[in-house]
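What follows is a single structure, written as C-alpha cells, with notes after it.
Sequence lines set the chain letters: A, B, ... in the order given, protein chains first and strands last, and positions in each chain run from 1.
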Amino acid sequence: MRIIRAPAMNDPRPYEPASIETKWQQTWEAAKAYKVRDDLPREKCYYVLEMFPYPSGKLHMGHVRNYSIGDAVARYKRMRGLHVLHPMGWDSFGLPAEQAAIERGAHPAKWTYENIAYMRGQLKRMGFSYDWTREFACSDPGYAAREQDIFIDLVEKGLVYRKSSLVNWSTGLNCVLANEQVVDGKCWRTGMPVVQKELPQWYLRITSYADELLAQLDALKGSWPDAVLTQQRNWLGRSEGAEIDFAVDGHPEAKITVFTTRPDTVFGVTFMSIAPEHRLVDAIVPASHRAAVEAFRAEVRAVSAQERMGDTAEKKGVFTGAYAVNPVNGRKVPIYAANFVVADYGTGAVMAVPAHDTRDFAFARKYGIDIITVIQATDAKHPEWMKLQAGEDAYTEAGVLTASAQFDGRPSEDAKREITAWLESTGKGRKVVTWRLRDWCLSRQRYWGNPIPYAYTDKLGAVPLRKQDLPVTLPQDVVFDGKGNPIERHPTWAVTAKDGSPLTVRGQDGPEAARRETDTMDTFMESSWYFARYTCHDNTAADLGCAAPLDRKRVDHWLPVDLYIGGIEHAVMHLLYARFFQKALCDVGYSAKREPFKRLLCQGMVCMETLFREKPGEKKQYFYPDEVDVERDAKGRVITAVAKSDGQPVQIGRVEKMSKSKRNTVDPQALIEQYGADSARLFVLSNVPPELDVVWSEDGIRGSHRYLKRLWVLVTDNAERLRGVAPYSGKAAEVAGADQAVVRKVHAVIKRCTDALEKDFAFNTAVAQCMELTNELKPDALRPDVLKLGLSTLVRLIAPMSPHIAEELWELLGGTGGVTAAGWPAFDESEIAGDSVEYPVQANGKVRGKIVLSRSLAGKDLEAAVLASDVVKAATEGKTIKKLVIVPGKIINLVVG
RNA sequence: GUGUCCGUAGCCCAAUCUGGCAGAGGCGCCACGCUCAGAACGUGGAUGAUGGAGGUUCGAGUCCUCCCGGGCACACCA
C-alpha cells in the first residue's frame, strides 16, 4: 500500500487539469465567448477554418493536431484584437454510414448523428473555441436543400449536363468514382479493383473554368504550399499544340484528327497510333484486318485500368490495314491501333514521329517502321542526339528543322508557330489547347448523399425540378443489404411528389408523369461550399425551397477564408473542387470572391513507431507498444525489443502514420483523461513546425505535461503575494542584475513569439520561447513586480496553445475579464539589448577571447578600445594586423600575419 | 527520368530568409539533491568534422556550383 503524505499547510494547490478545464469550458459556453458578429469592419476580422471532419465515430490524433493548430491561431488572433470567425461542422454524407447500416442494421442517419453527438462532446472537451451557433451537418435537411437550390442555379447557368460514358466503377462499392478517387487503378477507399463501365452520368462543367483555375494559382504562390500548387497545375495539365487533319487513303469521307505539341516534327510522321476505341476504327479497317483489330480491342479491354495506366504495361499495337495521308507531304503512313493511346485525351489519335519521341521510337523499332529525322540538334555532342545517330533512342529536344521542305533551317520554336499557321491557312489544322482535367462526374449510385434534383419523363427526357418543388428528401424506409443502390429499389419514392401525390413535371400539354433521378451527388459537393455557408448558416426561410442558399453580403464580408488548415491529401480533389465551386457561385450571383482560401496551411501527419514480427511468407504481425519491452543503451539507442508475452524479439519498424492496422495509434480520449486537453494540445504544437510530421511518444506528452505543471507550481507558489502587485512597467535600465536580465528577456521572448506566430505559425518555437522564459524566472532572485511581469507575460503567451491553464493562472494572478481580453503582450525592441556588448574576438576566423564594451562606442573610439584590449594584444603578439573588421554590436575579426 | 523540398548532438528540432561565438526548447542519457527505496520533482552535466567537395567572403550551418543520401509530387497525355 502506498503511503500518501498529508499536504503541509502551505502546499500549493495541485495541478488538476480535469477540473480546471471543465470549469473554463463551462464559463466560455455560458458567456458565448466565441460567438462572432457579422457586422464589424473586415480589417478587424479574421476567418480561420479547419477542414471539417467526417463523423466516423471518434476523434483521432490527426484531428487533434489539425484543430489544435487552428484553435491556437484563432485564440492568438483574438488576443491581437481581431474578431475571429472560427466555425465547425460535419461532412456527414458518405459511404461509411451506409457500410455501418449494412453491417449493424442502424440507419445511416442514426449512426451519423450519434457519432456527431459524441465527437462534438470530444471537441468541446478539447476546449476548441468554435462559434458553435454556426454548426451544421451536410446531411441536415437545411443544408442539403440549399445545395439542391444551388444545383438548379448551376443547371440554369449551363454548368450541368448528362452524358453516357465510360466511368470508373468500383467493384467494392458498386458505385462510380471520380478519376481522383482512383489510385493506381484501385478504389481509393476500399482498394478493390476499378473497372470501366458505360453508364449515363451527371457532370459539372469544371473544364469551363480550367483557364481561371490555372491562372489564379500564380496569385496563390507564397500563400499556399508549393506542393499543392504544383499538384493542381499537373492535374489541370494544360498543353498547347495543334490539331492536324489526316485524310484516310481510300476513304474520302473519313478524316482523322490528331493532337500534337510538336507540329514542328510533322514532316517526320511515319505512322499513326489510334485508340482502339476510336469511333473511326470500324469505318476504316478493311475486312482483311478486322479480325486482328477486334482481337486486339478485346485484349486491351480485358486488361484492367490499373495495368493499362501503369508504366509496366507493354506498349503494343496492331496494324489496322488502313493508311493515313500526311497533309504536309502526302506521305502515306500506316495506322496502328495502340494500347497506350487514350481515347478521351486530345483527339484519341496521335501522329507518330519516332525520331523525336521516345515512345514512338520504341514502337517503330518493335514493328519495323521507318524513322525519319526532321530535327537536328544544334549541339552535335548532345547525348540524346548521339543516341539517335547511333539508332538507340529518339532526340526529343528542340533543334533546327531538316527534311521539312520550306521550313528547313528554322528553329523548332518558330517552326511550331509557322507550321501551325500554314496548316490553318490551308484548312488542315489549327492551334489548340488541351487539358488533362475532365469534367466532374457528380453521380453516385448511393443512398447516403444529396439527391440530384432531376426527373425523367418518356417524352421530355431529363427535366430539372423547379425550385418550388425542392427539396428532394431521402426516403427513410429503405433496406441496406449491400446489393446496389437502396433508393433505386424503393417501391414508390421515385414516382411520388413531396405531398404524396404521383410525381409529375410540367410539359407542353400539361403535367406529365415523371420518375425521379435516383443517383445522389458526390460528397465533394458538400465540402465545396460549406465555408461559405458558415458565414450565413441561418439563411433559412420556413419554406426550405424558397430561401436563398447564401447571403451574398455576409459571404463577401468573410470570404476569402484568411487561413485554411488541413491535410495535404486534399491537395487536388477537395481544394480544386472548392475553388471551382466558388467561381461558379460567383457566376450565379452568390458571391464576388472568386478564390475561397487566401492562405493554406497543410499540417503534417501524426506518426508513431511500429513494432512487428515478420515470418517469410506471412503477413507482418504488429504489436501494441504496451505489449513490448524495449531496452536502450547509455545514449538512448534501442538495443533490443521483446514481446512481453513470449520474451521473443520484436522488430522496431519505421515511424509511420498512425493507423489501426499497424497498431500504432493513440486514442486522444485517453490522453485527455490522463494528462488533460491542455497537455495534449501543447504536445501536438511542440517540437516540430505544423507542416512537418510529428512523432507521437509517451515521453513527449509527459514532457508537455511536466512543463504545464512547472508553470502551475511557479505561478500558484507566488500568486498570493503577487495578486496586488502591478507588473513592472519601467525601463530595463532602471533595474539591475537579475531583474534587468528578466525585463530584457520578457521583451525578447514576446518579440520572438510574435514573429514565430505571424510569419509561419511556428508554434514549436513559440513554445520553446515560453519554456526559456520559465527557466529564467527564479522567484527568490527577483523583485515582485518584475516577477509579476514575467508571469503575466508567460501566461498570456501560452494562452493560445493551452488556454484553460492560462485562464486559471491569469485569474489567480488577479487578472479579470479573461486572458483573451487581456490581449497579446507588447514589446519594445529597444529594451531587448543591454548597454554593453560582449564582443567575440576572432583572429583569422578563430575565436580567441571576448571583450566587453559599451554599446554606444562607435567609429574611431570603438576601434581604439578594441586595439587597447588585452585579448587583441595577446592575439596580435609578434604579428602585424593586416585588416581589422569590426561589426558594431556583433563581432571583431582580426586578419593577422 | 523530371520537378521540388530537405540533410545541424543518440532522437525531434532552433539558428538559414537578412553570413558574425554552432544551440532556443523538448526527449533520451549521466551525476547530485530529496527518498528506506523507487516514482515524481529539483539542480547540474556530457555529447558535433552542421551529408561530401569546391567557390565567394575578413568570416559560411547560412550565399553560389557540383556530388551523395532521403522525402514528396508527376511520369504512356501525344
Side-chain angles (χ1 to χ4, degrees), chain A residues 2 5 225-235 237-239 241-242 258-262 265 272-273 275 308-315 338-342 344-353 357-360 362-363 434-436 568 571-572 632-638 655 682-683 686-689 691-695 697-704 706-707 709-710 713 748-749 752 756 759-760 762 764-775 838-850 882-887 889-896:
Chain A
R2 285 170 68 98
R5 211 154 41 96
D226 285 338
V228 175
L229 297 177
T230 311
Q231 283 180 62
Q232 294 217 349
R233 206 166 274 127
N234 287 336
W235 192 262
R238 184 179 191 274
S239 176
V258 300
F259 171 74
T260 180
T261 54
R262 292 295 301 271
T265 64
M272 182 183 284
S273 335
R308 201 171 160 184
M309 294 298 285
D311 48 354
T312 50
E314 191 191 353
K315 291 159 191 56
N339 64 351
F340 55 83
V341 181
V342 182
D344 62 347
Y345 178 79
T347 60
V350 187
M351 64 176 216
V353 185
D357 180 278
T358 310
R359 194 189 49 212
D360 293 345
F363 196 87
T434 62
W435 299 82
R436 185 178 178 274
I568 190 113
V572 178
R632 290 168 195 277
D633 70 5
K635 292 230 173 191
R637 279 176 296 221
V638 173
V655 166
L682 191 64
F683 169 72
S686 300
N687 290 326
V688 293
E691 33 325 317
L692 294 193
D693 290 349
V694 63
V695 179
S697 75
E698 188 75 31
D699 291 326
I701 190 160
R702 281 215 311 268
S704 296
R706 182 155 52 221
Y707 171 69
K709 250 193 316 200
R710 276 179 63 206
V713 170
V749 163
R752 285 192 218 122
K759 216 177 106 198
D760 300 313
N764 55 323
T765 54
V767 171
Q769 288 301 314
C770 289
M771 290 174 169
E772 192 180 349
L773 180 56
T774 308
N775 293 342
E838 189 184 49
Y839 285 94
V841 176
Q842 296 180 336
N844 296 339
K846 283 176 83 176
V847 178
R848 293 299 167 86
K850 291 175 185 178
K882 289 184 177 166
K883 187 162 181 179
L884 175 61
V885 181
I886 299 176
V887 185
K890 293 263 188 184
I891 204 164
I892 292 152
N893 193 13
L894 306 158
V895 184
V896 295

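Between the P atoms of B:G33 and B:G23, the separation comes to 30 Å (whole Å). Look at the P atom in both B:G7 and B:U43: the space between them is 32 Å, to the nearest Å. Separation of the P atoms belonging to B:U62 and B:A15 is 15 Å when rounded to the nearest angstrom. Nucleotides B:C36 and B:U50, compared at atom C1', are 48 Å apart to the nearest Å. A distance of about 43 Å separates the C1' atoms of B:C30 and B:U4, rounded to the whole Å. The P atoms of B:C74 and B:C67 are separated by 25 Å, rounded to the nearest whole Å. The same atom, P, is picked in B:C12 and in B:G51; the two are 13 Å apart, to the nearest Å. Distance noted for atom P between B:C21 and B:G26: 22 Å (whole Å).
For the pair A:Asp360 and A:Met351, the tightest heavy-atom approach, listed with the atom from each and the gap, is OD2-O, 4.0 Å. The minimum heavy-atom distance between A:Val350 and A:Val258, with the atom names listed, is C-CG1, 3.8 Å. Residue A:Ile568 comes nearest to A:Ala227 through the heavy atom pair CD1-CB, 4.2 Å, listed as atom of the first residue, atom of the second, then distance. Shown here for A:Ala756 and A:Ala766, the closest heavy-atom pair between the two residues is CB-N, 4.3 Å.
Heavy atoms of A:Gly237 sit nowhere under 4.0 angstrom from any nucleic acid atom.
As rounded to whole Å, 12 Å separates atom P of B:A24 from atom CG of A:Asn775. The distance from atom CH2 of A:Trp435 to atom P of B:C74 is 18 Å, rounded to the nearest whole Å. In this structure, A:Arg262 atom CZ and B:C76 atom C1' are separated by 17 Å, rounded to whole Å. When the C1' atom of B:C12 is taken as reference, atom OH of A:Tyr707 falls 19 Å away, rounded to whole Å. Rounding to whole angstrom units, NZ of residue A:Lys709 and C1' of B:G42 are separated by 13 Å. For A:Leu682 and B:C27, the CG to P distance is 11 Å, given to the nearest whole Å. A straight line from CZ of A:Arg752 to P of B:G23 spans 14 Å, rounded to a whole angstrom. B:A75 atom P lies 10 Å from atom CD of A:Gln231, rounded to whole Å.
The side-chain hydrogen bond (donor to acceptor under 3.5 Å, both in side chains) search around A:Gln842 returns none, not counting sequence neighbours. Under the side-chain hydrogen bond (donor to acceptor under 3.5 Å, both in side chains) criterion, A:Arg359 pairs with no residue, sequence neighbours left out. Evaluation of the salt bridge (charged side-chain N to carboxylate O under 4.0 Å, His left out) rule for A:Asp226 yields A:Lys221 as partners, not counting sequence neighbours. Every side chain to side chain contact (heavy atoms under 4.5 Å, CB included) that A:Asp693 has, sequence neighbours left out, goes to A:Met605, A:Cys607. The side chain to side chain contact (heavy atoms under 4.5 Å, CB included) search around A:Thr434 returns A:Ser239, A:Phe259, A:Tyr345, not counting sequence neighbours. Take A:Phe363 and apply the ring-ring contact (aromatic ring centres under 6.0 Å, His included) test, not counting sequence neighbours, and it matches A:Phe271, A:Tyr336, A:Phe340, A:Tyr367. By the side-chain hydrogen bond (donor to acceptor under 3.5 Å, both in side chains) test, A:Arg710 is found to be paired with A:Asn775, residues two or more places apart in sequence or in another chain being considered.
In this structure, B:C34 makes no Watson-Crick or G-U wobble pair, since no nucleotide meets both defining distances under 3.5 angstrom. In this entry B:A53 has B:U65 as its Watson-Crick or G-U wobble partner, both defining distances falling under 3.5 Å. Look at B:G19: it lacks any Watson-Crick or wobble partner with both distances under 3.5 angstrom. For B:A24, there is no paired nucleotide, since no Watson-Crick or G-U wobble pair has both relevant distances below 3.5 Å. The partner of B:A39 cannot be assigned: no Watson-Crick or G-U wobble pair with both contacts below 3.5 Å exists in any strand. When both distances must be under 3.5 Å, the Watson-Crick or G-U wobble mate of B:A73 is B:U2.
For A:Ala768, whose side chain is taken as the heavy atoms from C-beta onward, the closest listed nucleotide among B:G25, B:G42, B:C76 is B:G25. Set against B:A78, B:G26, B:C27, the side chain of A:Asp699 has B:C27 as its closest nucleotide. Considering only the side chain of A:Lys315, B:C76 comes nearest among B:A73, B:C76, B:G25. The side chain of A:Glu772 sits closest to B:A24 out of B:C74, B:C58, B:A24.
In terms of phosphate contacts, A:Arg359 brings a side-chain nitrogen or oxygen within less than 4.0 Å of OP1 or OP2 of B:C77. Taking side-chain N and O atoms only, A:Arg702 has no distance below 4.0 Å to OP1 or OP2 of B:A39. In this structure, A:Arg710 reaches the B:G42 phosphate: one of its side-chain N or O atoms is under 4.0 Å from OP1 or OP2.
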Reading nucleotides 13-22 of chain B from 5' to 3' and marking B where a protein heavy atom lies under 4.0 Å of the base, S where only the sugar-phosphate is that close, and - otherwise, the string is SS--B--BB-
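Atom CZ of A:Arg702 and atom CG of A:Asp699 lie 4.5 Å apart (nearest 0.5 Å).
In textbook terms, a nucleotide whose glycosidic angle is within 90° of 0 is syn, and B:A49 is one such case.
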Pick out the pairs of N or O atoms, protein on one side and nucleotides 4-7 of chain B on the other, that lie under 3.5 Å.
none

